[in-house]
Amino acid sequence: SYNALLGAYASHGMHTEALRVFKLLKQNGLRPDVVSYTTLLNAYGRSGLPEKAREVFNDMRKNSCKPNKVSYNALIDAYGSAGMLKEAISLLHKMEKDGIPPDVVSISTLLTACGRCKQITEIDAIFEAAKSRGIELNIVAYNSGIGSYLSFGDYEKALELYASMMASNVNPDGVSYNILISGLCKLGRYAESLKFFEDMVDLRIPLTKEVYSSLICSYAKQGKLTEAKSTFSSMKESGCFPD
RNA sequence: UUCCCUAUAUCGUGGCCC
């Protein structure tokens, strides 16, 4: 019950409240378990406080509560989200030494971190790390990689990765298209961006307000106001209400 | 002991602040 409440605060990045619940749990004679510690750790991570997250991580070991895969991944994300890619990558090796094999979540967390930290040189090493460990990339990992390439402005690598994803029989989802459409649009690759939108329609993948916003933005930037307006109209017609 | 619940990864636009 305490963990559920802790999680509710953590998922909103409310670390102060999460810490209060964590203390309350202990005051009532209960021992925090791996989920309690990981939840608190994540609350700090989401609040952009990687050092506090690390403190919780160290604390759990001190109290002989072994961090598991989720704890490590949460700490990797805490560093990655804070732009500390080196620390995030070194945790991949640390968890391995600790007898916990990294999984596809560790990989996609790091792929996303590369994009945030604009570390184009590290991204291929991370794909290699996944491959050498036999970690199969899923749709989230591919989406993360595609997004990071696009954030570097490397749309060719992004499209290459998209192609190899298709070749591996991993099917794109709504998020994949959102990433491609908005990313290509930001780079001014309007024609490519529109092509993916058409694919999305053909495949009957539900169009979200995120995709409509990207498309409207794309037309607006090109000065195609008629298209922008008609996209806005079809958005409403399709039952997707503008916010 | 068993079951259930709770913790980790990917997407848009604009505004305000620095």
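This structure is a prediction, so every number in the text was calculated from the model and none was measured. Convention: sequence-line order gives letters A, B, ...; per-chain numbering from 1.
- Rounded to whole Å, atom P of G12(B) lies 20 Å from atom CZ of F232(A).
- When ring centroids are compared, Y72(A) and F57(A) come within the 6.0 Å threshold.
- Remark: the N73(A) side chain and the A7(B) base include no donor-acceptor N/O pair separated by less than 3.5 Å.
- Of the candidate nucleotides U10(B), U8(B), A9(B), U10(B) has the atom lying nearest to any side-chain atom of I179(A).
- Under 4.0 angstrom from either OP1 or OP2 of C11(B) there lies no side-chain N or O belonging to K209(A).
- The distance from atom CG of L137(A) to atom C1' of U10(B) is 13 Å, rounded to the nearest whole Å.
- Between the side chain of T109(A) and the base of A9(B), no donor-acceptor pair under 3.5 Å is found.
- The shortest distance between the side-chain N/O atoms of N42(A) and the OP1/OP2 oxygens of U8(B) is below 4.0 Å.
- Under the 3.5 Å distance criterion, with hydrogens and angles disregarded, no donor-acceptor pair is assigned to the side chains of Y162(A) and S176(A).
- In this structure, Y142(A) places its OH atom 19 Å from C1' of C11(B), rounding to the nearest Å.
- Put simply, CG on L30(A) is 19 Å from P on U6(B), counting in whole angstrom units.
- Among the heavy atoms of the strands lying under 4.0 Å from D243(A) is at least one base atom, whether or not backbone atoms are also near.
- Separating the CG atom of D173(A) from the C1' atom of U10(B) is a distance of 8 Å, rounded to the nearest angstrom.
- At distances below 3.5 Å, at least one donor-acceptor pair connects side-chain atoms of S193(A) with backbone N or O atoms of I181(A).
- Checked against A7(B), U10(B), U13(B), the side chain of V140(A) finds its nearest nucleotide in U10(B).
- Judged by the 6.0 Å distance and 45° axis criteria, K52(A) is positioned over the aromatic ring of Y44(A).
- At whole-Å resolution of the value, CG in L75(A) and P in A9(B) are 13 Å apart.
- N68(A) contributes a side-chain N or O that forms a donor-acceptor pair with the base of A7(B) under 3.5 Å.
- One can place CE of M60(A) at 15 Å from P of A7(B), the figure rounded to the nearest angstrom.
- Contact check, R116(A) against U10(B): a side-chain N or O comes under 4.0 Å of OP1 or OP2.
- Contacts of K221(A) with the nucleic acid, taken as non-hydrogen atoms under 4.0 Å apart, are absent.
- Not less than 6.0 angstrom separates the ring centroid of Y190(A) from the ring centroid of Y219(A).
- You'll find that the side chain of N138(A) is closest to A9(B), out of A9(B), U10(B), A7(B).
- The pair E192(A)-R189(A) counts as a salt bridge, with a side-chain nitrogen and a carboxylate oxygen less than 4.0 angstrom apart.
- Here the side chain of V70(A) is nearest to one of U8(B), G12(B), A9(B), namely U8(B).
- Note on S213(A): a base of the nucleic acid sits closer than 4.0 angstrom, heavy atoms only.
- Of the candidates A9(B), U8(B), U13(B), U13(B) carries the atom nearest the C217(A) side chain, counting heavy atoms from C-beta on.
- Among the protein residues, T39(A) comes within range of the sugar-phosphate backbone only, with heavy atoms under 4.0 Å from sugar or phosphate atoms but none that close to a base.
- Per the geometry, CG belonging to D33(A) stands 9 Å off C1' belonging to A7(B), to the nearest Å.
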